[in-house]
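All of these numbers come straight from a predicted model, not from anything done at the bench. Naming convention: chains lettered A, B, ... in sequence-line order (proteins, then strands); numbering from 1 in each chain. The basis for the numbers below is simple: all heavy atoms, side chains too, and nothing from hydrogens, waters or symmetry mates.
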There are 2 protein chains.
Amino acid sequence: MAVIDRKKLIIEAAAKSFSLYGYKATTMDQVAKLANVGKGTIYTFFKTKEELFDEIINSLIADIRFEVESAMDDSAWILENVDRVLSRVHEFRKSHQLTIKLIQEERDMGTQTVVEAMQRVEQSIIQYMKAIIQKAIDKGEIKTCDPEVTAFVMLKMYFSLVNDWQRNHPPLKKEEIVTLFELYLLKGLLN
Amino acid sequence: MAVIDRKKLIIEAAAKSFSLYGYKATTMDQVAKLANVGKGTIYTFFKTKEELFDEIINSLIADIRFEVESAMDDSAWILENVDRVLSRVHEFRKSHQLTIKLIQEERDMGTQTVVEAMQRVEQSIIQYMKAIIQKAIDKGEIKTCDPEVTAFVMLKMYFSLVNDWQRNHPPLKKEEIVTLFELYLLKGLLN
DNA sequence: TAATGACCATTTGAATAAAATGGTCATTAT
DNA sequence: ATAATGACCATTTTATTCAAATGGTCATTA
């Protein structure tokens, strides 16, 4: 008879529950029930609820990394890659249940653990954008600059345009955003 | 005997109290006491607490406008002006008690009235930045672009750099911020 | 040896009572 | 007359309390 991989069951159950109810509203009893496992068993694999949550966030980060890396094209130039990566991230955020739930929990309740987790996710996105930018600098496509600040600014600008702008204005189309990115960050405003 | 300008007293007291305690923690009794005025008197000038608050926010907006406009030099070119305006706004935000308190209240408690007020302040800053940008376009200093989106992006980028960046990194110096601004938005990253 | 769930200390949340607050208006002062 | 006032009221906010829920443990069981 097959030995049941309890750790896997727990992780799956936790992922499901965090996606459905968020961090705070997920209880360890619930996860145990969902995983068909005794509550104590969870604690043989994860020291705390937060550690279990971190495991789930790690796979989220890995998923995003996969999404981003499959969008990248090393032969394409930087604007193309930045655009692809950012729009993939955006699509991901809009469609991925766990992400949606956590963004909501962060905004509405400000749960500390969730804020920190989202911070970690953002940092990891910045890390891969940093690599893209470094490559572009090496190739001589763009000026020498701090790749991390640059990645940070790009991400913030992108999210401002897709999230904040439409609070007071009709949303920008995808191509408009690319055009704005090109104008502001790459070509520059100066004549 | 001099007739006391009670409206003025009320406004001064309110400004002081909102600066000291924020919106929620300021009570109408308190304002009345501070202004040496009966509570009912406040209501002969302002229909509600929110209306009183709006009055204070209006002067805040006017103060910022004055600060920005006195920093501007129409004969200077845009890089110079961007530098001056940003530095002034930066100093203002750091030193102006009311602004500090309201930013804090918005972040920590999310008071609806405060969120809306800050939104209004932001919108008004964007409006005069828009005018500045339009002027630069007319003078041919910068490329043709939508002045409002441009103002919006500039402001968001500025706030990202001064507020969000230092959550994970040592804060950027004023001159660094100006340099980054010039690099990203004006000169552009392209080689 | 691995898994479990009854159990425990602490935290959370519901219920309620008490205090505080925004706003009104009959009365008072000018 | 008009302007100012503060006691007063309805509603909201806060403090208190206590039961239910929760994260985590560990002696028992498989």
Side-chain angles (χ1 to χ4, degrees), chain A residues 1-57 101 105-106 108-117, chain B residues 1-57 101 105-106 108-117:
Chain A
M1 179 202 145
V3 172
I4 301 165
D5 183 347
R6 289 186 165 76
K7 186 171 181 183
K8 197 176 158 202
L9 287 177
I10 291 167
I11 291 175
E12 284 167 0
K16 193 172 199 169
S17 185
F18 288 135
S19 297
L20 233 41
Y21 310 111
Y23 178 78
K24 269 208 68 171
T26 287
T27 70
M28 295 304 260
D29 277 312
Q30 209 176 56
V31 173
K33 280 254 170 58
L34 250 175
N36 272 106
V37 138
K39 185 160 61 154
T41 309
I42 300 179
Y43 288 90
T44 65
F45 297 110
F46 305 96
K47 264 212 297 290
T48 63
K49 182 184 180 184
E50 204 167 329
E51 202 169 275
L52 174 59
F53 184 59
D54 282 344
E55 173 88 16
I56 306 300
I57 293 297
K101 198 73 203 176
E105 185 169 348
E106 184 183 23
D108 298 347
M109 329 180 35
T111 315
Q112 191 51 36
T113 308
V114 174
V115 172
E116 278 159 21
Chain B
M1 176 202 146
V3 173
I4 300 164
D5 184 348
R6 289 187 166 75
K7 187 172 180 182
K8 197 177 157 201
L9 288 177
I10 291 166
I11 290 175
E12 284 167 0
K16 191 171 198 170
S17 184
F18 287 135
S19 297
L20 232 42
Y21 310 111
Y23 178 77
K24 270 210 68 172
T26 287
T27 72
M28 294 305 260
D29 278 310
Q30 208 175 59
V31 173
K33 281 253 172 57
L34 251 175
N36 271 105
V37 138
K39 185 159 64 152
T41 310
I42 299 179
Y43 287 90
T44 65
F45 298 109
F46 304 96
K47 265 212 298 290
T48 64
K49 182 183 179 184
E50 204 167 329
E51 203 169 273
L52 174 58
F53 183 59
D54 282 344
E55 173 88 15
I56 306 298
I57 293 296
K101 199 72 204 177
E105 186 170 350
E106 185 184 23
D108 298 347
M109 330 179 37
T111 315
Q112 191 52 38
T113 308
V114 175
V115 172
E116 277 158 22

Atom [atom1] of [X] to atom [atom2] of [N]: distance rounded to whole Å?
| X | N | atom1 | atom2 | value |
| --- | --- | --- | --- | --- |
| A:K39 | D:dC26 | NZ | P | 14 Å |
| A:K49 | C:dT10 | NZ | P | 19 Å |
| A:I42 | D:dC26 | CD1 | C1' | 16 Å |
| B:L52 | C:dG23 | CG | C1' | 13 Å |
| B:Y43 | C:dG22 | OH | P | 6 Å |
| A:L9 | C:dA2 | CG | C1' | 15 Å |
| B:Q30 | C:dA19 | CD | P | 20 Å |
| A:D29 | C:dT4 | CG | P | 14 Å |

Non-hydrogen atoms of B:F46 and B:K7 that approach each other most closely: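 Taking every non-hydrogen atom into account, CZ-CE, 4.1 Å.
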Nearest heavy atoms of B:A32 and B:G38, plus distance in Å: CB-C, 4.1 Å
Separation of A:I57 CD1 from A:L52 CG (nearest 0.5 Å):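 Interatomic distance, A:L52 CG to A:I57 CD1, rounded to 0.5 Å: 10.5 Å.
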Value rounded to 0.5 Å, distance of OG1 in A:T44 from CZ in A:R6: 9.0 Å
Can you identify which nucleotide, out of [options], has its nearest atom closest to the [X] side chain?
| X | options | answer |
| --- | --- | --- |
| A:R6 | C:dA3, D:dA4, C:dG13 | C:dA3 |
| A:T27 | D:dT22, C:dG22, C:dT4 | D:dT22 |
| B:T44 | C:dG22, C:dT4, D:dT5 | D:dT5 |

First of B:M28 and A:N36 reached from the 5' end of DNA chain C, by closest nucleotide: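 Nearer the 5' end of the strand: A:N36.
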Residue mapping more 5' on DNA chain D - nearest nucleotide basis, A:A25 or A:T41: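 Per heavy-atom nearest nucleotide, the more 5' residue is A:A25.
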Heavy-atom side-chain contact between A:Y23 and A:I56 under 4.5 Å: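 Answer no - side chains too far apart.
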Plane angle bin for B:F18 and B:F53 - parallel if under 30°, tilted between 30 and 60°, otherwise perpendicular: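 Answer is perpendicular, since the angle exceeds 60°.
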Cationic tip of A:K8 above A:F45 ring, under 6.0 Å, 45° of axis: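 The answer is no, since A:K8 fails at least one limit relative to A:F45.
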Watson-Crick and G-U pairing of DNA chain C written in dot-bracket, each distance under 3.5 angstrom, with | for inter-strand partners: ||||||||||||||||||||||||||||||
